Amino acid sequence: MEKLTELYNKWHGSMPESAVRLAGAGSNRQYYRFTAEDGSTVIGVVGTSRDENHAFVYLAQHFEQRQLPVPQVLAVSDDGLRYLQTDLGSVSLFDAVRGGREAGGRYNLEEQELLKRTIRQLPNIQIRGARGLDWQNCYPQPEFDEDSVLFDLNYFKYCFLKPSGLDFHELKLEANFRLMAKDLTSEQVDSFLYRDFQARNVMLDAEGNPYFIDFQGGRKGPYYYDLASFLWQASARYSNKLRRELVSEYYEALKQYTEVPSVRHFVTRLSLFVLFRTLQVLGTYGFRGYFERKKHFIESIPPAMDNLRELLKMGEDVFPYPYMMDMLRRLTELPQYAHIEQPAASRADGYKTADSNVYVAHPQDGPATFSKYDGKGPLRVRVFSFSYRKGIPEDTSGNGGGYVFDCRSTHNPGRYEPYKKLTGLDEPVIRFLEDDGEILTFLESVYKLADAHVQRYIDRGFTDLMFSFGCTGGQHRSVYSAQHLAEHIHSKFGIEVHVCHREQGIEQTLPSTSKD
């Protein structure tokens, strides 16, 4: 610390007002925040490896020349063990998306946008950052190769697979490991492999723009690795839908920097790296959890095993390593790794989550505004049948009445004596209307309109929607239509639907089947 302060004094020309040690470093390096009299701050770093520090300093200076979003190195000690860098603040992407992570993957729209913004910047550092880079400055090795792959696969074997107690044929597994290592390194790509691309290593400025740190372990290698590392991090629990969206964002961004393979080839190659990365992290979890007894790593094993189960469903067409695939399948079936279904966690911060932004505006329009009724949920639908002679049903919710459909254009069973005392709930009337067919054509259009409206109200978290069907007497066609729309909505969306056949004095509530 004393020598680091001396470096600061030499660079700044005066001693700092304060020096606070920062927590959370992922390696043996120590981080300090120095504050000057005017309130400006810089980060001081003390490392134990001169080579590792040299790799960071070289890469940071190279990336700065390429105008990439990284910290600027301000000063380096003569022995290479200490350096100063610009302070990128205290908010990491890991902190910013904490709510969604702790809620088991229920990320809100703001968090999803931060993830997309970050993943769009990844090809920037991978492709532009690789141009003109001297790979011999990378630490601990300049390139991703078969030896490094085999090292990680054997790390998985000795630190996770063997402690699991699963019986396996070591020579057959080793043969499949070598095939996998050859496949992983079969494509030569001049890109920068970040190696430790994770949310903790992304800092956010006041506008939410990402800046990259801790890239000193990077080397030349395939860009698939970092994408797999980021999106299949077990503790993040990204949904499959969100993963697909983020992969698509990355693929489109990658096109701006280099020629890209076909989507099919890209997805197949990415899947191979996802499997490799999953085995790699299981090796780490095994060592840190089983041998060092660190609780966090033991708790990370179940979601990682769930990732592995999903990958195994892709089969040997994607992963042509029959013995390894069979061994991994048996591994996931061991009692200690049985999948435990957990209820969806609510967000502790109270924010609602949604799969997509309800309104996607043109960039020139700016962000959309939202109603004070947004996010109140859950939605309850009310469906009425009525007679036009007695007027349209009153809307007691205060929302203005919703939809009113006139059924009088369809064939009226009330004109025939056998049906005069029956209603649209009775089998003879139902048979008459459906055999005639006009009511079915009428409802086809109603269903399409209602489905879109109900889905939008669910997305926005609205609480009330009203549909009304009128006919001459409110007895046959309107009753049939109201009842069938209510049952259709309840069956499709699982929400609460209240039905009121006003002129018949009949009311019914179809209860919500949703677990939310």
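From a predicted model like this one, the values you see are computed outputs, not experimental measurements.
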Spell out, as yes or no, whether a donor-acceptor pair under 3.5 Å connects the side chain of [X] to the backbone of [Y].
| X | Y | value |
| --- | --- | --- |
| D226 | F197 | no |
| D426 | P428 | no |
| T268 | R264 | yes |
| N307 | W232 | yes |
| Q504 | G474 | yes |
| N176 | M324 | yes |
| S191 | G221 | yes |
| H484 | Y480 | yes |
| K420 | G414 | yes |
| S164 | L166 | yes |

For [X], is the [atom1] atom crowded, meaning more than 12 foreign heavy atoms sit under 6.0 Å from it?
| X | atom1 | answer |
| --- | --- | --- |
| E110 | CD | no |
| E427 | CD | yes |
| E394 | CD | no |

**Q.** Geometric cation-pi criterion, R408 with Y388: 6.0 Å, 45°
**A.**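 Yes, R408 sits over the ring of Y388.
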Could you tell me which non-hydrogen atom of [X] sits nearest to which non-hydrogen atom of [Y], and how far apart they are?
| X | Y | value |
| --- | --- | --- |
| T472 | S387 | O-OG, 2.7 Å |
| Y107 | L115 | CD2-CD1, 4.3 Å |
| S92 | M203 | CB-SD, 3.9 Å |
| R200 | F94 | NH2-CZ, 3.2 Å |
| T332 | L312 | CG2-CD1, 3.9 Å |
| D183 | L272 | CB-CD2, 3.8 Å |

Are the charged groups of [X] and [Y] less than 4.0 angstrom apart, N to O?
| X | Y | result |
| --- | --- | --- |
| R195 | D152 | yes |
| R329 | E333 | no |
| E111 | K116 | no |

In terms of side-chain heavy atoms, does [X] have a donor or acceptor partner in [Y] at a distance below 3.5 Å?
| X | Y | result |
| --- | --- | --- |
| Q483 | H488 | no |
| N124 | Q126 | no |
| Y225 | R277 | yes |
| E507 | H501 | no |
| Y285 | H296 | no |
| Q233 | Y238 | no |

Nearest 0.5 Å, please: how far is [atom2] in [Y] from [atom1] in [X]?
| X | Y | atom1 | atom2 | answer |
| --- | --- | --- | --- | --- |
| Q112 | R117 | CD | CZ | 13.5 Å |
| Q475 | S385 | CD | OG | 10.0 Å |
| L161 | L173 | CG | CG | 6.5 Å |
| R243 | I119 | CZ | CD1 | 12.0 Å |

Q: Determine the interplanar angle of the F212 and Y194 rings, folded into 0 to 90°, and report it as parallel if under 30°, tilted if 30 to 60°, perpendicular if over 60°.
A: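 Correct class here is perpendicular.
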Q. Is the F276 ring parallel, tilted or perpendicular to the F273 ring (thresholds 30°, 60°)?
A. perpendicular
Q | Of Y457, Y447, Y403, the residue whose pairing with F467 passes ring-ring contact (aromatic ring centres under 6.0 Å, His included) | A | Y403
Q. Quick one: are the ring centres of F266 and Y224 less than 6.0 Å apart?
A. yes
Q) Please walk me through it: do F469 and F384 pass ring pair (Phe, Tyr, Trp, His ring centres under 6.0 Å)? A) CA-CA 6 Å; F469 293 86; F384 291 81; over 10 Å; no
(Q) As a quick check of understanding, evaluate ring pair (Phe, Tyr, Trp, His ring centres under 6.0 Å) for H411 and F432, giving each step before the final call. (A) CA-CA 9 Å; H411 198 172; F432 174 94; 5.1 Å; yes
Q | Test applied, side-chain contact (heavy atoms from CB on, under 4.5 Å); reference residue, L433; option that passes from L443, I439, T410 | A | I439
Q: Kindly state each residue pair satisfying salt bridge (charged side-chain N to carboxylate O under 4.0 Å, His left out) with at least one member in residues 438-452, sequence neighbours excluded.
A: D451-K492
Q: Scan for salt bridge (charged side-chain N to carboxylate O under 4.0 Å, His left out) pairs involving residues 89-101, sequence neighbours excluded, and state none if there are none.
A: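 Every salt bridge (charged side-chain N to carboxylate O under 4.0 Å, His left out) pair that includes a residue of residues 89-101, provided the two are not neighbours, is D95-R98, R98-E102.
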